[in-house]
Structures are given as C-alpha cells and as structure tokens.
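All residue numbers refer to positions in the sequence shown, counting from 1.
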Amino acid sequence: PIVAVTDGTRVRPHFEVLLRLRDEEGREVMPPEFIPAAERYNVMPLLDRWVLEQVLEQLVPTRRDGRDEAPYTVAVNLSGTTLSDPGFIESLVEMLERRDPVPGVLCLEITETAAIANLATASYVMRELASRGCLLALDDFGSGLSSFNYLRTLPVHYLKIDGQFVRNVADDPVDKSVVEAIVQVGRAMGVETIAECVETRAVLDTLREIGVGFAQGWLLGEPR
C-alpha cells in the first residue's frame, strides 16, 4: 500500500503490484534473483507485457462496465529494457484500447535512471500513456540525479523518493536536505511525492514535517 502521510487526507486507495516467481519445485523466487537474468537474456519486455495483461484483466475496471471514476490506483513497474523495446509501446497501446480502462487506475513506474538513459523514448512513451488515462511515477528518484531540468520534458504525476535517502532521514541531515529539495521541486511542478522504504515512526514523522505527500514501506503495510 501507498498511503497519505498527512492524517485525514482523503485519497483513493493506492497500491504497488509486486511480482514473485515460483520455481519448478514451487518455491518463491524474489525479483533480485530473476529480474537480472531476465534483463540479461532480453526477456523483460515479454515479462512486463505479461504482467500488464494480467493487471488489466484482473485488477483494472473498464469504462465498458459503466464506471468513469477510479476506485483505486494500482502501480506497475516497467524495466529500462522494456522502455527501449520498439514494439512495447504499440502492444501496450493496443492493450489499453482493447480494455478501455477507467482513467487513473493504472499507474506505470519507470526508474529515474532508465528515463534519463532513454530520455527521448521515455518522454514519447510517457506522453502516449498519459494521453490514454495512465498515471506515471518516476521511481527511485534521486538515485541518479544530475539535474532536475530534464523533469520538464516528462509528464510525471509522482516522484518516488529513493529509499537510500528515506531510511535515515530522521537522523541524517544530508538525507533530510535531499528529501526537502525533492519535495520543493515536486511542489513547484505540481507533482506528488512518495517516500519508499518507510520502516519507523521517526522516519514517518520526519517525512510529515518535511511535507512529503505519500509513504510506502513495512511500517505502513507489508506485501500480501
């Protein structure tokens, strides 16, 4: 779950969809074990397509059902290799047109480093998806930051602050300054901020003091 930091803020439920793999013997395999292999052998676009097909089929209501307002938001990660796949955007647009999802339900998360590495492609893909009712989040924000200027070209709705700056934000003045800077830039651009890896009450209180909009982590809810 991704929850509002400020008490009493009324927002629709927001979740990130996480992926697990079961091996031949039924054991659960975590993403750090299988995603690097999938990227190395260039099957991440196939994997991401499969995930999006399942999410659109099982979790995203359609306007054909007579619904126009999003009951919740579900976020799905896209890998950098998928973003670079020339056939991906066409297949995703075809999926969206076929399903006609309620706008605001599907949020796509793209890492900051992948967006910077493929800025022209990322900008094109994100604008295509935003025009079809998808929300967009820049994931692990701050991890590869060299300039805020490129943000002007990306139509993002959320900045997900990298967990390396969040874990010690209550005790480390440098981490706190980085988070404050990201929040200020987000406000200037009208973009919401989400803090990852929130695991203690002290961190949550500091984020609230700074003005971060949303938080995600084991303190607020474990994967289920």
Side-chain angles (χ1 to χ4, degrees), residues 1-7 9 11-20 30-36 39 44 48 51 55 72-80 82-83 106-117 122 126 134-146 148 150-151 154 156-187 189-224:
I2 296 169
V3 302
V5 169
T6 305
D7 295 332
T9 301
V11 294
R12 62 175 176 260
H14 191 159
F15 304 93
E16 180 177 357
V17 177
L18 304 179
L19 190 62
R20 301 291 182 264
M30 302 297 280
E33 297 177 68
F34 67 82
I35 284 183
E39 290 178 335
M44 272 309 298
D48 281 347
V51 171
V55 168
Y72 47 75
T73 296
V74 288
V76 177
N77 292 278
L78 292 182
S79 79
T82 297
L83 198 63
L106 182 62
C107 177
L108 296 169
E109 296 190 2
I110 297 169
T111 64
E112 179 196 24
T113 50
I116 294 174
M126 293 169 83
C134 296
L135 300 178
L136 297 157
L138 209 54
D139 201 8
D140 298 337
F141 187 76
S143 59
L145 193 60
S146 57
F148 284 118
Y150 73 89
L151 278 174
L154 301 176
V156 298
H157 302 88
Y158 301 100
L159 298 178
K160 294 195 73 176
I161 304 170
D162 193 290
Q164 66 175 316
F165 302 114
V166 175
R167 288 189 183 93
N168 300 311
V169 72
D171 305 307
D172 189 317
V174 175
D175 286 347
K176 186 176 181 181
S177 296
V178 171
V179 174
E180 287 173 336
I182 293 171
V183 169
Q184 289 174 6
V185 170
R187 282 180 181 157
M189 299 184 64
V191 177
E192 290 282 4
T193 48
I194 302 172
E196 303 177 312
C197 302
V198 178
E199 298 172 357
T200 69
R201 178 61 59 179
V203 165
L204 183 62
D205 290 343
T206 303
L207 295 172
R208 184 179 291 116
E209 171 196 329
I210 292 172
V212 172
F214 297 86
Q216 182 180 19
W218 281 42
L219 177 69
L220 303 163
E222 298 180 14
R224 63 184 184 272

Could you go step by step and tell me if Ser79 and Asp48 meet the side-chain contact (heavy atoms from CB on, under 4.5 Å) rule?
CA-CA 8 Å; Ser79 79; Asp48 281 347; 3.5 Å; yes

What's the verdict on side-chain contact (heavy atoms from CB on, under 4.5 Å) for Glu209 and Lys176, showing C-alpha distance, side-chain angles and the deciding distance?
CA-CA 11 Å; Glu209 171 196 329; Lys176 186 176 181 181; 3.0 Å; yes

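Side chain to side chain, Thr73 and Arg12 meet the donor-acceptor criterion of an N or O pair below 3.5 Å.
Between Val169 and Thr206 the shortest heavy-atom distance is O-CG2, 3.8 Å. Closest non-hydrogen pair, Ala202 versus Ala170, comes out as O-CB, 3.8 Å. Counting all heavy atoms, side chain and backbone alike, Pro36 lies closest to Pro31 at CD-O, 3.6 Å. Gln164 and Asp162 get closest at one heavy-atom pair: N-OD1, 2.9 Å. Gly186 and Leu159 make their closest contact through CA-CD1, 4.3 Å (heavy atoms, listed as atom of the first residue, atom of the second, distance). Across all their heavy atoms, Met126 and Ile110 have their closest contact at CG-CD1, 3.8 Å.
The structure places CG of Leu108 at 12.5 Å from CG of Leu138, a figure rounded to the nearest 0.5 Å. Taken from CZ in Phe141 to OG1 in Thr193, the straight-line distance is 10.5 Å, to the nearest 0.5 Å. To the nearest 0.5 Å, the span separating CG on Leu135 from NE2 on His157 amounts to 5.0 Å. Put simply, CD1 on Ile182 and CD1 on Ile194 are 12.5 Å apart, with the number rounded to the nearest 0.5 Å. Atoms CD1 and SG, from Ile161 and Cys197 in turn, are 11.5 Å apart once rounded to the nearest 0.5 Å. Rounding to the nearest 0.5 angstrom, the gap separating the CZ atom in Phe34 from the CE atom in Met44 is 7.5 Å.
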Would you give me the side-chain donor-acceptor pairs under 3.5 Å for residues 210-224, sequence neighbours excluded?
residue: Gln216; atom: OE1; partner: Lys160; partner atom: NZ; Å: 2.8
residue: Gln216; atom: NE2; partner: Glu16; partner atom: OE1; Å: 2.7

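Taking a 6.0 Å sphere around CZ of Arg201, one finds it holds 12 or fewer heavy atoms contributed by other residues, nucleotides or ligands.
With hydrogens and angles disregarded, a donor-acceptor distance shorter than 3.5 Å links the side chain of Arg208 to the backbone of Val5. Side chain of Asp172 to backbone of Asp175: a donor-acceptor contact under 3.5 angstrom is found. Side chain of Thr82 to backbone of Leu78: no donor-acceptor contact under 3.5 angstrom is found.
A salt bridge between Arg167 and Glu196 is absent, with no side-chain N of the basic residue lying under 4.0 Å from a carboxylate O of the acidic one.
With a 4.5 Å cut-off on side-chain heavy atoms, Glu109 and Val76 do not count as touching. With contacts defined as side-chain heavy-atom distances shorter than 4.5 Å, the pair Leu136/Tyr158 does not qualify.
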